[in-house]
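What follows is one structure encoded as structure tokens, with my remarks underneath.
As the structure lists them, so they are numbered: ligands from 1, and atoms in each ligand from 1.
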Amino acid sequence: MRTRTREPQTLAGAGTLDRLARILAARNIDPTAATAAAASDEPEPYAPLEALRGAMVPRYRDAVADHPQVLAWCREVAAQAVAPGLGGRRQVATGPSLLMAGVVGAGKTHQAYGAVKTLVGAGVGVRWRATTAADLYAELRPRTGVDTERELAAVARVPLLILDDLGAAKASEWTEEITYRLVNRRYNHMLPTLITTNLAIGDLRAHVGDRVASRLTQMTTRVEFDLIDRRRARAA
Ligand SMILES: Nc1ncnc2c1ncn2[C@@H]1O[C@H](COP(=O)(O)OP(=O)(O)O)[C@@H](O)[C@H]1O
Ligand SMILES: [Mg+2]
């Protein structure tokens, strides 16, 4: 009997087309532009927000950041954005990071995706990636035929990273090491990172280790979310 093979897991855990859309959007290429241009000679209007929405998982496509600290972070990152050349669009360069802490369902991931949209809406070019810590560890497990070092380097260097649910995966020396290498590189290069966690600060320190916790303390501003589970509140 043949078993159906599953789609290869991507960082965001979606299929190939979604992945392609994400890659194009990350490079600020509208995936519909190529076919539209082939069909007519009219130049297509450039719609970076639409391309961005298409690259986001459906759950958070319509997310709007409204948390004051998140919006303040967007302004700082936008202010530090740099144009690669004369007349080029300003791109996310260096910037502060946020540690968004709160209970499950508080709206942390919503604010993180919303922040990417805010930046793009402000005219800033954003190459970004989103992954849960658990997916990242799975992606980086050493296995034959996959250059996991390259994958780690890519995640470490992407201008804007959403690292979701840090502390939710089972900890081991190996996950601690991976987290350290990732956070240390982003710390050294001062790359803006949106980290979410539902752990209290002491528990997070125990989970990620002192070296990571110390860097996070310096590189992030802590954003505390209200003690509301929006998923349950909606279902009730
Ligand atoms: N400001 C908001 N407005 C509307 N819906 C929201 C808002 N924040 C969160 N949600 C919704 O509430 C649910 C939980 O939010 P989520 O960001 O996934 O929580 P967390 O990441 O903290 O566990 C999701 O369905 C999300 O779409
Ligand atoms: Mg979340």
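- Ring geometry for Y60 versus Y113: interplanar angle under 30°, hence parallel rather than tilted (30 to 60°).
- The residue from T109, T132, T197 that alone fulfils the side-chain hydrogen bond (donor to acceptor under 3.5 Å, both in side chains) condition with D164 is T109.
- Around atom CZ of R61, more than 12 heavy atoms belonging to other residues, nucleotides or ligands sit under 6.0 Å away.
- Among all protein heavy atoms, the one lying closest to atom 9 (C) of ligand 1 is R230 CD, 3.2 Å.
- For G102, the closest heavy-atom approach to ligand 1 does not fall below 4.0 Å.
- Looking only at heavy atoms of the protein, atom 21 (O) of ligand 1 is closest to T109 OG1, 2.7 Å.
- Not a single heavy atom of T196 lies less than 4.0 angstrom from ligand 1.
- Side-chain N or O atoms of R129 include none that pairs as donor or acceptor with a backbone N or O of L161 at under 3.5 Å.
- Following chains of ILVMFWY side-chain contacts shorter than 4.5 Å, one can reach V57 starting from L49, so the two form part of one hydrophobic cluster.
- Taking atom 13 (C) of ligand 1 as the reference point, the nearest protein heavy-atom neighbour is R231 CG, 3.8 Å.
- Of the listed residues (V183, T179, T196, N198), just one forms a side chain to side chain contact (heavy atoms under 4.5 Å, CB included) with L166, and that residue is T179.
- In this structure, the protein non-hydrogen atom closest to atom 22 (O) of ligand 1 is K108 NZ, 2.7 Å.
- Side-chain contact check for L163 versus L182: some heavy-atom pair is nearer than 4.5 Å.
- If you look at the Mg ion (ligand 2), the protein N, O or S atoms less than 2.8 Å from it are T109 OG1.
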#### Entry: Residue pair E177, R211: steps toward the salt bridge (charged side-chain N to carboxylate O under 4.0 Å, His left out) verdict
CA-CA 10 Å; E177 191 61 29; R211 293 177 304 170; 3.5 Å; yes

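- Between Q111 and A65 the shortest heavy-atom distance is OE1-CA, 3.4 Å.
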### Task
Using the salt bridge (charged side-chain N to carboxylate O under 4.0 Å, His left out) rule, take R143 and E151 through it: C-alpha gap first, then chi angles, then the decisive distance, then the call.
CA-CA 12 Å; R143 55 203 190 279; E151 189 58 32; over 6 Å; no

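- No continuous path of ILVMFWY side-chain contacts below 4.5 Å connects L191 to L136, so the two sit in separate hydrophobic clusters.
- Taking a cut-off of under 4.0 Å to the non-hydrogen atoms of Y60, the atoms of ligand 1 that pass are 16 (P), 17 (O), 18 (O).
- With hydrogens left out, the protein atom closest to atom 26 (C) of ligand 1 is H110 ND1, 4.1 Å, a heavy atom.
- Scanning all protein heavy atoms for the shortest distance to atom 5 (N) of ligand 1 gives R234 NH2, 3.6 Å.
- For atom 23 (O) of ligand 1, the nearest protein heavy atom (residue, atom name, distance) is G105 N, 2.7 Å.
- Protein heavy atom at the shortest distance from atom 19 (O) of ligand 1 is G107 N, 3.0 Å.
- Considering backbone and side-chain N/O of A106, one or more are found under 3.5 Å from N/O of ligand 1.
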